[in-house]
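The structure appears right after this line, and notes come after that.
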Amino acid sequence: MKILGMDSSGMTASVAYVADGVLIAEYTMNHKKTHSQTLLPMLDQIVRDAEIDLAEIDGIAIAAGPGSFTGLRIGAATVKGLGLALEKPVIPIPTCEGLAYNLCGTAGLVVPIMDARRGQVYTGIYRVGNRIGEKNGESVILSEAKDPVAIVQDQDAMAIEELLDRLAQLGEPVTFLGDGVPVFRKTIEEKCTVPFAFAPAQSALQRASSVAALGEYYAAEGRMISADDMKPIYLRKSQAEREHEAAARARQAQDLETVAEMEQEMFSDAWSKDSLADSVKYPYNHILLISGDGNVRPLVSEEDVADSFVVGEEAEITAGYLIFADPSDEAELHRIAVLPEYRRRGLAKLLMAEMERRCGYASPEKTKEAMKEETREAAPQGSGSSAEDSAVPHKKIFLEVRAGNVPAIGLYAAEGFKEIDRRKAYYRDPVEDAVIMCLE
């Protein structure tokens, strides 16, 4: 089997070619140049020097992550492009497994550590190849390995102290390797309570030969994917994503506080901030906010907190809001309110229209017209089919309103809501009937 291997998960860039268990060529560089500058020229070099026909390879192995976000993306894009162009499968290799395989046959535990910043490491705990021990003063194979890399603890991001505590629990000798060794060497020397060693320079960093060799083994097991499905393995979010999410959560807290204050101002049965916060934990509950200029936006929900708005976007003054639930083919309007100083500007109508759009509601008249247009475009001549003959799909939206709230009832009626029932003395403070209305 012929496998091309690549690793761009860290500072080191490496390309290798393994054929039938033999390393034919490897080019590795640990320098300041970016992988976008080095990876393809390195591949070109070994292809020319080793006279490799890329059309004959059986797959492309790639260190899929964790690691540098930029490096992983460059590696994934390179492999995806090659795989699609050559019509070859991809073998994603977890980065820590590839690193650990540098020390195949090492006694005890092998622990790669990559510097993940903020006092953390990307790491895993492995036994690699045959388990070797001593007998009568000589090294012997204690057991044959079933897998080239046996996972004791799968790769993860954690504090170095947490890793050392876990190793203390296991109580076995450890060999460390990876670019995290220089960063955390002093901490390891001071706090590691089990016998330990550090890998020599030639085995300490990423090597594409290990990735390709593992790729050959995994390819034989059928652990391959199409190039189009190749995605990097990220164990945590990038710094930009974390900053974006923190800003979104700050906006969420600010918006919840604003709505809670408006609830207290305008309703006797006001929802608390905690109740509002609990509601947005569920994807079918929604809060729409509107500015005095009529700009409608959703309150940041738990489901899409990372994608809700652009960091640095200025928050507009909230003039009103609408709360609704959309769990199935029936939706329910819970609350709509506009501050007194912003009323009579059509803001409530804009909120209603946005709710209807998000619910997928379409009036029968509008739907019939749309279906007529689709029928004219799609139906063959003389088919005799008619849009009017088809069922008209639309969603029901329900609401309850105080019987004495005449302006609100007028708004809802203008939007097409009709009274379908009443609940006697449903509201308190003051006691009042609830009018149940439905948009259908």
Side-chain angles (χ1 to χ4, degrees), residues 5 7 9-12 14 16 18 23 26 28 30 61 63-67 92-116 120-134 139-185 187-189 191-218 223 233 235:
D7 195 322
S9 59
M11 178 68 76
T12 302
S14 186
V18 169
L23 175 62
E26 183 176 29
T28 299
N30 181 24
I93 307 295
T95 300
C96 290
E97 288 185 30
L99 257 173
Y101 203 53
N102 286 4
L103 300 179
C104 184
T106 299
L109 302 174
V110 174
V111 178
I113 54 174
M114 301 172 65
D115 184 14
Q120 288 195 322
V121 292
Y122 296 128
T123 187
I125 304 174
Y126 306 94
R127 290 191 177 90
V128 189
N130 296 325
R131 190 176 176 190
I132 298 175
E134 285 193 2
S139 295
V140 296
I141 296 176
L142 299 179
S143 62
E144 296 287 341
K146 294 181 179 179
D147 297 310
V149 179
I151 300 172
V152 178
Q153 181 169 316
D154 205 357
Q155 59 183 18
D156 201 356
M158 65 181 68
I160 186 66
E161 291 80 8
E162 183 182 348
L163 172 62
L164 295 177
D165 288 343
R166 174 64 175 145
L167 293 173
Q169 293 171 9
L170 294 171
E172 298 183 45
V174 180
T175 303
F176 294 98
L177 74 161
D179 62 21
V181 168
V183 179
F184 296 102
R185 185 174 187 130
T187 301
I188 293 170
E189 290 173 341
K191 297 184 178 180
C192 188
T193 59
V194 296
F196 65 89
F198 299 108
Q202 72 274 16
S203 305
L205 299 176
Q206 287 91 335
R207 293 191 61 175
S209 54
S210 294
V211 172
L214 267 182
E216 188 176 30
Y217 184 92
Y218 291 158
R223 293 162 62 175
I233 301 171
L235 294 183

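Numbering starts at 1 and runs along the sequence shown. What you see below is based on every heavy atom in this structure, not just the backbone, and it leaves out hydrogens, waters and symmetry mates.
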Nearest 0.5 Å please: distance from the [atom1] atom of [X] over to the [atom2] atom of [Y].
X	Y	atom1	atom2	value
Cys96	Met114	SG	CE	6.5 Å
Phe176	Leu109	CZ	CG	9.5 Å
Arg223	Tyr217	CZ	OH	8.5 Å
Gln169	Gln153	CD	CD	9.0 Å
Gln206	Leu99	CD	CG	4.5 Å
Leu170	Asp165	CG	CG	11.0 Å

Do [X] and [Y] come close enough that some side-chain heavy atom pair is under 4.5 Å?
X	Y	value
Glu161	Thr187	yes
Ile233	Gln155	yes
Glu172	Val194	no
Tyr126	Val111	no
Phe184	Asp115	yes
Ile188	Phe198	yes
Ile125	Leu163	yes

What closest approach, in Å, do [X] and [Y] show between heavy atoms, and which atom pair accounts for it?
X	Y	value
Pro92	Ala64	CB-CB, 3.9 Å
Pro112	Gly124	CD-O, 3.4 Å
Ala212	Val18	CB-CG2, 3.6 Å
Arg127	Val152	NH1-CG2, 3.5 Å
Leu214	Glu97	CD1-O, 3.6 Å
Thr193	Ala168	OG1-CB, 3.3 Å

Backbone of [Y] reached by a side-chain donor or acceptor of [X] within 3.5 Å:
X	Y	answer
Thr95	Pro66	yes
Glu162	Gln120	no
Ser14	Thr28	no
Asn102	Ser203	yes
Asp179	Leu205	no

Candidate pair Val128 and Thr106, rule side-chain contact (heavy atoms from CB on, under 4.5 Å), full reasoning: CA-CA 7 Å; Val128 189; Thr106 299; 6.0 Å; no

Pair Arg185 + Glu189: basic N to acidic O under 4.0 Å: yes

